[in-house]
Amino acid sequence: MEKNVGKIDKVIRILIALVIAGVGIYYKSWWGLLAIVPLATALVGTCGLYSLLGINTCSTKE
């Protein structure tokens, strides 16, 4: 798959994942596992929803 997640987008996704995981740990809820989704998309660099919508936040290097 083509990378479609840029650097700033990755940082935001990682921060969101940390917040979701932290809230899940604080409330002792399994909902904190949802942090896996933004963390995985940030680490892989590809977002399936972005692909479907035609969004690309990755900078192009020529």
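Since we're looking at a predicted model, the values are computed, not measured.
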Check: Side chains of R13 and V5: closer than 4.5 Å at any heavy-atom pair?
Finding: yes
Check: So do I12 and I16 actually touch side chain to side chain, heavy atoms under 4.5 Å?
Finding: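 Counting from C-beta outward, I16 and I12 do come under 4.5 Å.
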Partners meeting side-chain contact (heavy atoms from CB on, under 4.5 Å) with [X] (sequence neighbours left out):
{"X": "L18", "answer": "I14"}
{"X": "I55", "answer": "Y50, L53, T57"}
{"X": "A35", "answer": "A17, I20, A21"}

Notebook entry, point to check: Looking at N56 and K3, what are the two nearest heavy atoms and their distance?
Noted result: OD1-O, 4.0 Å
Item checked: Smallest separation among heavy atoms of T46 and E2, with atom names ->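 Nearest pair, atom of T46 first, then E2: OG1-O, 3.5 Å.
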Next item on the list: Would you mind listing the cluster partners of I25? Hydrophobic ones only (ILVMFWY), side-chain contacts under 4.5 Å, chaining allowed.
Entry: none
Only distances under 3.5 Å count here; give the side-chain donor-acceptor pairs of residues 27-34 to other protein atoms, sequence neighbours excluded, each with its distance to 0.1 Å.
{"from": "S29", "atom 1": "OG", "to": "W31", "atom 2": "N", "distance (Å)": "3.1"}

Notebook entry, point to check: Between Y26 and V23, is there a shared hydrophobic cluster once you connect ILVMFWY residues whose side-chain heavy atoms come closer than 4.5 Å?
Noted result: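 Looking at the clustering, V23 is in the same group as Y26.
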Margin query: Taking side-chain hydrogen bond (donor to acceptor under 3.5 Å, both in side chains) as the definition, give me every residue that meets it alongside S51, ordered by chain and number, with sequence neighbours left out.
Written below: N4
Margin query: Any side-chain to backbone donor/acceptor pair from K10 onto T41? Under 3.5 Å, distance only.
Written below: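 No, the answer is negative, given that no donor and acceptor are paired below the 3.5 Å cut-off.
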